[in-house]
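Written out below as structure tokens is the structure these notes cover.
The residues of the chain are indexed from 1 along the displayed sequence. Scope of the values below: all heavy atoms of this structure, side chains included, with no hydrogens, waters or symmetry mates. Model, not experiment: these values are computed from the prediction.
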Amino acid sequence: MAELMDGARKLGWVLLNCSVRFVFMLINNLVAIPSYCLYLILLQPLRMWDSPTFWHVEGIMFKWMLAMVSSWGWVAGYTVTEWGDDVRPISEDEAMVIVNHQATGDVCTLMMCLQDKGTVVRKMMWLMDHVFKYTNFGLVSLIHGDFFIRQGKAHRDKQLIYLKDHLDRYYQNRDRKWIVLFPEGGFLRKRRETSQSFAKKNSLPHLTHVTLPRLGATQVILKTLGAQQENGSVSSESGPPSQSGNKRKGLQWVVDVTIAYPKARPMDIQTWIFGYRPPTVTHVHYRVYPIKEVPVDTEPLTDWLYQRFVEKEDLLAHFYATGSFPPAKGQKEIPSREMTLDPVWLCFIQSLAFASGYMWYRVLQYLYCCVF
């Protein structure tokens with residue numbers, strides 16, 4: 001009987017906690033997202049007069065929006081430990097980021113761990129499944145200039161054309177620096193069986209913790225954002241002028257990000273919202289490659305990309321067996337660091353969001369009364 005009562009109390013606490021978090025995040029979205037949109041509508045004259053300043057301001061607000069999402073997990077005890085190369089020194093360079101994809105929580109994890117990487121968050125472009133367009137954050141991403149890609153053979157060729165056009169129109173025009181994509185083209189649980197079947201037919205490595213990546217979007221990004229050299233790799237020494245008039249260096253790095261969850265249990269966005277999972281540390285491994293080492297031609301790029309995901313498989317297998325990532329060749333141990341967020345800063349951003357929501361409510365109420 002005592003055990004039953006104890007279980008009932010725990011369940012009651014979980015349900016109460018989930019309910020409070022859901023109500024808070026619902027209100028948080030209702031004040032933050034409309035405020036973001038209304039501020040940008042108000043700043044449209046600035047966009048016509050001084051476009052670089054407009055997108056600079058938009059980038060700051062976009063970073064704050066992502067920080068609010070990060071705070072949902074942070075308050076629930078969902079934190080990040082980082083391993084491998086330190087990407088902060090290259091945060092002001094242009095880079096393509098390739099990430100393994102297990103669940104919707106991967107996006108939230110990246111939102112959190114990139115917050116302390118200089119201007120990366122406000123100058124980044126995301127490539128994500130078109131389903132995200134219809135989430136609460138879809139409108140914000142659409143305004144920011146992220147690209148929503150449709151999966152499946154029926155859409156593949158057209159989507160790559162749309163992607164190139166999108167990069168030509170928005171990447172340099174809005175002074176983007178990092179572009180993030182998930183080359184596997186879907187969640188691990190959905191693609192693993194198909195990927196393994198394809199690998200078996202084509203004598204490719206059998207992968208369990210990742211799936212074989214798709215080439216299309218990666219190749220379009222490399223060809224569009226970097227100048228091709230004679231050896232088939234990408235040059236980082238030339239590019240069209242930026243908004244400020246300075247010559248762009250183009251892509252300089254590929255950042256290979258591997259996300260690992262304890263006990264191989266991915267975290268989805270519902271967990272971030274409701275917080276029903278106990279405090280969890282997600283582990284993120286970085287490996288940086290100079291762009292000149294990355295081929296562009298189809299066959300060598302395919303081999304290069306497959307090799308990266310074979311390495312991811314080895315990294316994840318080692319992590320799930322030992323609880324840590326293996327050191328790189330020639331190293332005895334791999335450094336790790338706990339990624340932290342400033343709670344005062346998070347409180348300031350949340351307070352600003354609620355204050356903005358109240359201000360816009362009063363403004364719209366006043367205008368309504370004046371008209372009617």
Backbone of G145 reached by a side-chain donor or acceptor of H166 within 3.5 Å: yes
Pair T298-Q219, side-chain donor/acceptor within less than 3.5 Å: yes
R174 and H144 side chains, donor-acceptor separation under 3.5 Å: no
Separation between OG1 of T258 and NZ of K312, rounded to the nearest 0.5 Å: 3.0 Å
Distance (rounded to the nearest 0.5 Å) between I90 CD1 and K177 NZ: 12.5 Å
Distance-only donor-acceptor check, side chains Y36 and E58, under 3.5 Å: yes
Donor-acceptor under 3.5 Å (T280 side chain, P278 main chain): yes
Ring center gap for F24 and W72 short of 6.0 angstrom: no
Trace of the side-chain contact (heavy atoms from CB on, under 4.5 Å) decision for L305 with I98: CA-CA 10 Å; L305 203 56; I98 56 175; 4.2 Å; yes
In one Ile/Leu/Val/Met/Phe/Trp/Tyr side-chain cluster, 4.5 Å: V23, Y361: no
Donor-acceptor under 3.5 Å (S195 side chain, R191 main chain): no
Atom CZ of R337 with >12 non-hydrogen neighbours under 6.0 angstrom: yes
Parallel, tilted or perpendicular, as decided by the 30° and 60° cut-offs, for the rings of Y368 and F372: tilted
E82 bridged to K117 by N-O distance under 4.0 Å: yes
Donor-acceptor side-chain pairing of R150 and Y162 below 3.5 angstrom: no
Under 3.5 Å side-chain donor-acceptor pair for T109 and D106: no
P266 to A103 - nearest heavy-atom pair and separation: CB-CB, 3.7 Å
Qualifying residue, where the test is side chain to side chain contact (heavy atoms under 4.5 Å, CB included) with L212 and the options are N202, L207, T194: L207
Neighbour count >12 (heavy atoms, 6.0 Å) for atom CZ, F22: no
